[in-house]
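Worksheet: one structure, shown below.
So you know, we letter chains A, B, ... as the sequences are listed, proteins then strands, and number each from 1. What you are looking at is a predicted structure, and each value in this text was computed from that prediction instead of being measured.
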Protein chains: 2
Amino acid sequence: MFESAELGHSIDKATYRKEVPQLRASLLDAQFELRERGKFPIVILISGVDGAGKSETINVLYEWMDARYLSTLAFSAPTDEERERPYMWRFWRALPPKGRIGIFAGSWYSSPIAERIAGDVGKAHLDQRIEQINRFEAMLANEGTLVLKFWIHLSKDGQRKRLKALESDPRTAWRVTQASWDRLKTYDKLQEAAGHVLRMTNTPWAPWIVVEGTDDRYRSLTVGRVILEAMQARLAAPQARDFAVAAPIVAKGDSIDVLTTLDLTQKLDKKSYETQLAKWQGRLADLVRHPAFGKRSLILVFEGSDAAGKGGSIRRVTAALDARQYQIVPIAAPTEEERAQPYLWRFWRHLPRVGRVTIFDRSWYGRVLVERVEGFCSEGDWLRAYAEINDFEHELHEDGAIVIKFWLQISDEEQLKRFKEREEVEFKRFKITEEDWRNREKAGLYHAAVCDMVDRSSTSSAPWTLVEANDKSFARVKILRTICERLEKALLTEKTKEKEKD
Amino acid sequence: MFESAELGHSIDKATYRKEVPQLRASLLDAQFELRERGKFPIVILISGVDGAGKSETINVLYEWMDARYLSTLAFSAPTDEERERPYMWRFWRALPPKGRIGIFAGSWYSSPIAERIAGDVGKAHLDQRIEQINRFEAMLANEGTLVLKFWIHLSKDGQRKRLKALESDPRTAWRVTQASWDRLKTYDKLQEAAGHVLRMTNTPWAPWIVVEGTDDRYRSLTVGRVILEAMQARLAAPQARDFAVAAPIVAKGDSIDVLTTLDLTQKLDKKSYETQLAKWQGRLADLVRHPAFGKRSLILVFEGSDAAGKGGSIRRVTAALDARQYQIVPIAAPTEEERAQPYLWRFWRHLPRVGRVTIFDRSWYGRVLVERVEGFCSEGDWLRAYAEINDFEHELHEDGAIVIKFWLQISDEEQLKRFKEREEVEFKRFKITEEDWRNREKAGLYHAAVCDMVDRSSTSSAPWTLVEANDKSFARVKILRTICERLEKALLTEKTKEKEKD
């Protein structure tokens, strides 16, 4: 979920200087219209990793907007007054009235996430809070409030660097305390808890926007732009409840993304390949025969550009498996029977029993890839599919299945080369069709769809592994290694998981 | 929530004989259109109290409809195949395809409710399952499925009678087992768990319809009519997701309701009144000074017809309280500051601290009463208000507040008499306005709104008490007694509650 916010997004000084004056003017205009005509409240949550620049972001918003109609609400330990009333009372008191903007530094999310990290509440309690929050925010939206929730993200390394930088500058050193460093230790827990909370509370009426916090200019400009666009869209909407932000969950703002940052030149020489292949296939053979696997199941998902080498990779995996233990499910256009059911139905029917492996050669992600790009379903359909797919994979994970998803990426040139090879080699010709050539023309659309897919469906329980597949050997070994490592981790931590379920 | 389904609804033989042929013909037509043109699946859940006539209902549907396109899915203990896959797998397998109707006798609700009654899962786990169910049903609806959920209800006494009747008839005696009688013992737990589950999963896209099960003809005809109306509405809807059932959660079908069944002739003579008043005021005075009340708070809601005697009743309550301990909040039209906020905001601000009492003279129910009837808000606004109000009161309850709600009902004649008195008595004249006379003309609309309100917002944590208020003495004593009894129960069971929270 946070993949796209760890790429080192940045905006150079010149661009920033050019863009800010225009953005400020537009923000002030929108604010004026909000007071005069819009007359709805705006709730902006600024949340995220410590040291990611949350307070700097709020300061910039004050600089850019009309501060008379902004209010910032910070919440520390509850007062006596607050403790003697329901949890939400302090937030109700702080809601901005119509025509105004309330910026929440800390919110109704702070304590559920903090308590989850501290281990004070179990998964079920967290989900109970999530349900309450969703109902509360739906009410706000129905009452006309525009709700925008920002999560300012830093990679673990980014957080460490940021704290060091703050500490070494005498003007900001006071902001770094022992507690800040302590929180670095719980970084992974925060990512897991926050990932789950963001996923479950990312609704059309109160969306999350994840922003990388490393670069001040990028962060400020991105937050400002998203607020402006949302205000303008909402001001133009005829009715409050017709409005839904379609913004991607991870804010973009420059040209780099999870695919362009892949190093496709990585390769493996023949000898290393053979050694490594044998090593990981052997490891995999042992793991699927491990007694602990008898209580789990393995679901492998292979997606990738045309001719990226899915089939070859799958064969290298199945070589390590017993034929009675696995099933390969190739996904093409749905059958008539399948079309008469919800689109996830045809995947549910193929779920493996415990101790078994199902390999999906293409998968439910078709809905947010080919169906999106080719217009086989409506925008509403593929937009809601991210949440439905996440729910599906979460259910698999909670039931003990290990879900591993691969995206095989090759460069344009490499694809062209492989297409031509296929046409020339007699026994490979069946693999290449007119459609493959047509798909190439839509490469840009597919590229965007893949980035969105990774951002919106990479979760701690079912993360995406992006595979640099220009070199087939490199790709196959990376895939086998990833499977072994995930399996080892899952089978070893099984007991902990069982315990938490209770 | 089940109030309207305990009134002894029934339909006489002649009406039934007249209506059934027409209903059957229409159902067959709708089914034909569903296959030929509609091409969406219908999922019908038949759930409810044991012995309430669930299987009889299913049999009647088979008789009335084209059985070739119906399938009934019953779920007992999961098979090996099913146990080795996620919980929802068996239900996915059973989903009806487009153009067909699947009747679920037992469903994804069965095990969460059963486990809650058995005490195997806590509140948080139940809410977690509820969230998953809501997401699943939203997906079904988005995929085009029409989802109708029936809850066949019996009062506790009704269930006992029904089991006895089944047992005494040799043709049905086999259906009553020891387990049936055991379930009677857990009746109250079932009502509480089911009430919560129904409330939280009653969505516009998958609504619950509560049907009283006592009378076979009433039950069959009501279920048949609701299915027909929903099918016709859905077939007429241009798009699947534009469709929402606006049916009241408790199915009606004859002329009796929670207000018409009140016995307004009840009265108290002067001497009994004085004794009882003193007794309950004394009891109340003790209770609010009880140490256990120092950790709780009390919220009283008074609603009622004009001139029903709210003010006089409130004065009899406050007579038992210390002036520093309570606050009366009279609710009239909202102020400008209040109008700039969500409608519940002005009630949140007046929530009492622990050890205190807030008395609302009219309340948040204005939205589903006066605002609904007078058109001060849109239909969508008051329809969603039931859920928002239930969430609000649930939050108060979970936080330890004791919420007691009174509806004071007087007859038309009594109201007219009081209005005239008010006009004649100088010091009462301020109490009667043109508006009061206008409201009388809308008595029918208010009547319907009150019935809906009681059905949709009487919950186990914040039930409505309907007060027969033609006789002021009777009403005042009933109110004081109700407050004392609820307080006693709450303060005595406090420890149990605290324990469960952990």
Check your understanding: Quick one: what part of A:Phe40 sits under 4.5 Å from any heavy atom of chain B, side chain, backbone, both or neither?
Key -> neither

Review point. Checking heavy atoms, do the side chain of A:Asn134, its backbone, both or neither come under 4.5 Å from chain B?
Key: side chain

Point to revise | Pairwise distance CE(B:Met88) to CG(A:Leu351) - rounded to 0.5 angstrom | key: 12.5 Å

Point to revise | Choice from A:Leu140, A:Ile130, A:Leu344 maximising heavy atom contacts with chain B below 4.5 Å | key: A:Leu344

Point to revise | Separation between CG of A:Asp399 and CZ of B:Arg83, rounded to the nearest 0.5 Å | key: 12.5 Å

Check your understanding: Does some side-chain heavy atom of B:Trp92 sit less than 4.5 Å from a side-chain heavy atom of A:Gln341?
Key -> no

Study note, to complete from the structure: The interface call for B:Tyr343 against chain A, heavy-atom contacts under 4.5 Å, is both

Point to revise | Most contacts with chain B, counted as non-hydrogen pairs under 4.5 angstrom, among A:Phe136, A:Trp348, A:Phe392 | key: A:Trp348

Review point. Say you draw a straight line from CH2 of B:Trp89 to CZ of A:Arg353; how long is it, rounded to the nearest 0.5 Å?
Key: 8.0 Å

Review point. Checking heavy atoms, do the side chain of B:Glu81, its backbone, both or neither come under 4.5 Å from chain A?
Key: both

Practice item. Determine, for B:Glu131 against A:Arg129, whether the closest basic-nitrogen to carboxylate-oxygen distance falls under 4.0 angstrom. Key: no

Check your understanding: Checking B:Leu126 against chain A: side chain, backbone, both or neither under 4.5 Å from a heavy atom?
Key -> neither

Practice item. Considering only NZ, NE, NH1 and NH2 on the basic side and carboxylate oxygens on the acidic side, decide whether A:Arg85 and B:Glu395 come within less than 4.0 Å. Key: no

Study note, to complete from the structure: CD (B:Glu143) and CG (A:Asp381) are apart, to the nearest 0.5 Å, by 6.5 Å

Check your understanding: Can you tell me if B:Arg135 uses its side chain to pair, donor with acceptor, with the backbone of A:Asp391 under 3.5 Å?
Key -> no

Exercise for review: Answer yes or no: is there a side-chain heavy-atom contact under 4.5 Å between B:Trp345 and A:Pro97?
Suggested key: no

Review point. If you tally heavy-atom pairs under 4.5 Å against chain A, which of B:Arg339, B:Met200, B:Glu337, B:Lys39 wins?
Key: B:Met200

Revision key, fill the gap. Ranked by heavy-atom pairs below 4.5 Å to chain A, first place among B:Gly355, B:Ala385, B:Pro342, B:Pro352 goes to B:Pro342

